[in-house]
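Only this structure's heavy atoms are used, side chains among them; waters, hydrogens and symmetry mates stay out. Residue numbering restarts at 1 for every chain, and letters A, B, ... go by the order of the sequence lines.
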Protein chains: 2
Amino acid sequence: MGATKTDHFTANQNELAVLAKALGHPARIAIMEYLLKVDACICGDIVNELPLSQPTVSQHLKELKNAGLIKGSIEGNSICYCINEPGLEKIKGFFEHITVHLEKKRNECC
Amino acid sequence: MGATKTDHFTANQNELAVLAKALGHPARIAIMEYLLKVDACICGDIVNELPLSQPTVSQHLKELKNAGLIKGSIEGNSICYCINEPGLEKIKGFFEHITVHLEKKRNECC
DNA sequence: TAATTATATTGCAATATTACGATATTGTTT
DNA sequence: AAACAATATCGTAATATTGCAATATAATTA
């Protein structure tokens, strides 16, 4: 054992988990915040913004990209990363869904 | 190496990462969805809803509780779990923050 | 084309997560 | 009190993640 039993859950549950997991590291939260702070998408200098080595940052970027939270396009010598909205919408929808349900049920509970 | 370098990030970034990480497993997404689906908070039977053993479910519940996403109160023989709104608000706020920023910048980017 | 710059990949050690059987704990019933 | 029910904890094996030095790749400039 040790591996997540993804085949026992729905595709939607697995998708949401992948998105949430990708954000489950402070460096990756920091990357998202940085991409948001600078004007539009930015090429390079993410490494300089983080207290981690270049290979480590590259790995975190790859994970965010695999999860569908950012996208990167080659821009000459460097790569232009920016937030990928569809991925973001998906996970945002989950929280909105929860909030709507909770509002309906307010005060029925502990 | 191998441990996350939490001390190099802000408290806010670490908090958000902890919340997201807690949701980064399909079983824990399923637990949240189940708590939402049933009327208010429910005692017991979460184990029967999931394709995992009782100790494993108990462990996932503990992680959600530690992250502040659910709370549990002893209700006689069993335990009554329900969603903890403050934890949820925190992470929901992060996505709203991102969305607002993105709307301002629409079309400036790739 | 050689040096430079930007980013990715490989390989590996340290640590964390996932899952569950066995067992403990705690409240309830008989 | 003994048996039962619900949940938690312990111990441990399998697997995944984190981080970085070293190295590779690819575009740019001198």
Side-chain angles (χ1 to χ4, degrees), chain A residues 1-9 13-14 17-31 34-35 38 41-67 70-82 110, chain B residues 1-9 13-14 17-31 34-35 41-67 69-82 110:
Chain A
M1 338 268 118
T4 297
K5 293 179 142 190
T6 49
D7 40 316
H8 292 152
F9 299 96
Q13 286 165 344
N14 282 313
V18 164
L19 287 165
K21 191 174 188 175
L23 291 171
H25 192 291
R28 296 195 291 264
I29 294 282
I31 289 171
Y34 183 66
L35 286 179
V38 296
C41 54
I42 209 70
C43 313
D45 67 10
I46 295 177
V47 172
N48 305 317
E49 286 294 316
L50 294 183
L52 296 169
S53 74
Q54 182 270 319
T56 303
V57 172
S58 181
Q59 196 176 275
H60 284 305
L61 286 167
K62 190 179 176 184
E63 277 172 65
L64 285 170
K65 202 162 97 184
N66 286 344
I70 64 173
K71 57 188 173 184
S73 50
I74 298 169
E75 200 76 36
N77 202 12
S78 54
I79 293 189
C80 179
Y81 280 110
C82 63
C110 20
Chain B
M1 335 272 116
T4 296
K5 292 179 142 189
T6 50
D7 39 317
H8 291 150
F9 299 96
Q13 287 165 342
N14 282 313
V18 164
L19 287 165
K21 191 174 190 175
L23 291 170
H25 191 291
R28 296 195 290 265
I29 294 281
I31 290 171
Y34 183 66
L35 285 179
C41 54
I42 208 71
C43 311
D45 67 11
I46 296 177
V47 171
N48 306 318
E49 287 293 318
L50 294 182
L52 296 169
S53 74
Q54 181 269 321
T56 304
V57 172
S58 181
Q59 197 175 274
H60 283 306
L61 286 166
K62 190 179 174 184
E63 277 172 65
L64 285 170
K65 202 162 97 182
N66 285 345
L69 284 165
I70 65 173
K71 56 188 172 183
S73 49
I74 298 169
E75 200 74 36
N77 203 11
S78 54
I79 293 189
C80 178
Y81 279 109
C82 64
C110 17

Nearest heavy atoms of [X] and [Y], plus distance in Å:
X     : Y     : value
B/A22 : B/L69 : CB-CD1, 3.8 Å
A/K5  : A/F9  : O-CD1, 3.2 Å
A/A27 : A/L50 : O-CD1, 4.2 Å

Given atom [atom1] of [X] and atom [atom2] of [N], what is their separation to the nearest angstrom?
X     : N      : atom1 : atom2 : result
B/I29 : C/dT18 : CD1   : C1'   : 16 Å
B/I46 : D/dA5  : CD1   : P     : 20 Å
B/L50 : C/dT18 : CG    : P     : 14 Å
B/E49 : D/dT7  : CD    : C1'   : 17 Å

Closest to the [X] side chain: [options]?
X     : options               : answer
A/S78 : C/dT18, D/dC20, C/dT7 : C/dT7
A/I79 : C/dT7, D/dC20, C/dT18 : C/dT7
A/L52 : D/dG19, C/dT9, D/dT18 : D/dG19

(request) For DNA chain C, determine which residues of residues 18-27 of chain A have any heavy atom closer than 4.0 angstrom to one of its atoms, and list them numerically. (result)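 Nucleic-acid contacts, sorted: none.
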(message) So if I take residues 57-67 of chain A and measure heavy-atom distances to DNA chain D, which residues fall below 4.0 Å?
(response) A/Q59, A/H60, A/E63
Ignoring hydrogens and angles, write down the donor-acceptor pairs under 3.5 Å from the side chains of residues 51-60 of chain A, residues two or more places apart or on other chains.
| from | atom 1 | to | atom 2 | distance (Å) |
| --- | --- | --- | --- | --- |
| A/S53 | OG | A/T56 | N | 3.4 |
| A/S53 | OG | A/T56 | OG1 | 3.0 |
| A/H60 | ND1 | A/R28 | NH1 | 2.9 |

Could you go over nucleotides 12-15 of chain D and give all protein N or O partners under 3.5 Å, atom names and distances?
| from | atom 1 | to | atom 2 | distance (Å) |
| --- | --- | --- | --- | --- |
| D/dA14 | O4' | A/M1 | N | 3.3 |
| D/dA14 | O4' | A/M1 | O | 2.6 |
| D/dA14 | N9 | A/M1 | O | 3.4 |
| D/dA14 | N3 | A/M1 | O | 3.0 |

(message) So, does A/Y81 get its side chain near the phosphate of C/dA6, meaning an N or O under 4.0 Å from OP1 or OP2?
(response) no
From [X] [atom1] over to [Y] [atom2], what is the distance, rounded to the nearest 0.5 angstrom?
X     : Y     : atom1 : atom2 : result
A/L35 : A/L61 : CG    : CG    : 7.5 Å
B/N66 : B/K21 : CG    : NZ    : 12.0 Å
A/T6  : A/H8  : OG1   : NE2   : 9.0 Å

(message) Protein within reach of the bases, or only the backbone? For nucleotides 23-30 of chain D, mark each nucleotide 5' to 3' as B, S or -, using heavy atoms under 4.0 Å.
(response) ----BS--
(message) If the condition is side chain to side chain contact (heavy atoms under 4.5 Å, CB included), which residues does A/K65 pass it with, not counting sequence neighbours?
(response)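 By the side chain to side chain contact (heavy atoms under 4.5 Å, CB included) rule, A/K65 matches A/I70, A/Y81.
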(request) Hey, which sits more toward the 5' end of DNA chain C by its nearest nucleotide, A/T56 or B/P55? (result) A/T56
(request) Would you mind reporting whether A/N14 and A/D7 have side-chain heavy atoms less than 4.5 Å apart? (result)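 A side-chain contact under 4.5 Å is absent here.
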